[in-house]
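Notes follow once the structure below has been shown.
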Amino acid sequence: MVFEGNNKIRRKIYQTIDGMTDEEFNGTPSTGGWSPKQILEHLALMETYIASKIAGELKNPESPKASKKMIVLSGSLLVKGDLPIETQPTHTYKSIPEIKEELHNSRIYLLDVYDCSCKDQLREKSFKHPNLGSMPLEQWFPIVGLYEKCHLKQLKKTIDELRINGCSLEAAE
C-alpha cells in the first residue's frame, strides 16, 4: 500500500506526544526552535501544500514529465530547502486534539487526491522539489512520510529539551 509507511510514521508521532499536556505541547525549548505544536502544525500544512500542488499539476496540461529521484535524501535534516510560506507554523496556542484534527484533515485531503487521480498521470506529471528538482507526482506521496520521519526526530529532540530544561511557555498569540 502506498500509504503504509506514512501511516506508520504518523502513529509514531502520536505516540511521541502521548501524555503531554497542552502547555508542554505549546512550549518552546529554551535553546530556541519550534514547539512540538509548531512541528506538528508544520507537518499538517506541508501535507496540505503537497496535496494541493499534486492536485494542481494533475489539472495542468503543461505539467512536464520528470525522471524518478532518489527521494531517501528528502527525509534528512541535513538536506534543507526553502520552506514555502504556506507551511510556516504559527505562534497561536492550540491543543493537541486541534492539531490532531489538522493532521487528520491533511491526510484525508492527500488520500482524496491520490484516490481521485489517474495513476498514469501521477507518473507522467511533476512539480519541483526544492532540492531534487522536478519529480514525478507519484513520488510525492511517500515523500510526505519521509518528511514526517525527519520531523519525528526533531520532535523527540524538542520534547527531550523541554523536559531537561523545563518548559518555556512563551505567550501564545
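FYI, the numbering just counts along the sequence from 1.
Once rounded to the nearest 0.5 Å, the distance linking NZ of Lys156 with CD1 of Ile159 reads 9.5 Å. Considering SG of Cys116 and CG of Leu111, their distance stands at 10.5 Å, rounded to 0.5 Å. Note that CZ of Arg123 is 9.0 Å distant from NZ of Lys65, once rounded to the nearest 0.5 Å.
Follow the hydrophobic side-chain contacts under 4.5 Å out from Ile50 and you reach Phe3 in the same cluster.
Of the possible donor and acceptor atoms, none in the side chain of Asn26 sits under 3.5 Å from a partner among the backbone N and O of Ser95. Between the side chain of Arg10 and the backbone N or O of Leu103 there is at least one donor-acceptor pair closer than 3.5 Å. Of the possible donor and acceptor atoms, one in the side chain of Gln139 sits under 3.5 Å from a partner among the backbone N and O of Lys69. At distances below 3.5 Å, not a single donor-acceptor pair connects side-chain atoms of Glu47 with backbone N or O atoms of Val144.
The only option from Leu162, Leu40, Ile39 that meets the side chain to side chain contact (heavy atoms under 4.5 Å, CB included) definition with Phe25 turns out to be Leu40.
Shortest non-hydrogen contact noted between Ala66 and Ser126 is CB-CB, 3.6 Å. Ser63 and Lys125 get closest at one heavy-atom pair: OG-CB, 3.2 Å. Between Leu137 and Gln121, the closest heavy-atom pair is CD1-O, 4.2 Å.
Residues that satisfy the side-chain contact (heavy atoms from CB on, under 4.5 Å) test with Ile9, not counting sequence neighbours, are Ile13, Glu148, Lys149. For Glu101, the side-chain contact (heavy atoms from CB on, under 4.5 Å) partners are Asn105, not counting sequence neighbours.
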Kindly indicate, with the supporting measurements, whether the criterion side-chain hydrogen bond (donor to acceptor under 3.5 Å, both in side chains) is fulfilled by Asn7 and Arg107.
CA-CA 9 Å; Asn7 293 337; Arg107 181 57 48 90; 2.9 Å; yes
Criterion side-chain contact (heavy atoms from CB on, under 4.5 Å) on Ile54 and Tyr114, from CA distance to verdict
CA-CA 9 Å; Ile54 293 169; Tyr114 181 80; over 6 Å; no
Would you check, one step at a time, whether the test side-chain contact (heavy atoms from CB on, under 4.5 Å) holds for Thr92 with Glu41?
CA-CA 10 Å; Thr92 304; Glu41 181 178 42; 5.7 Å; no
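For the 3.5 Å distance criterion, the side chains of Ser52 and Tyr109 qualify, holding a donor opposite an acceptor.
In this structure, His42 has its ring center closer than 6.0 angstrom to the ring center of Tyr147.
A salt bridge does not link Arg163 to Glu24: none of the charged nitrogens lies less than 4.0 Å from a carboxylate oxygen.
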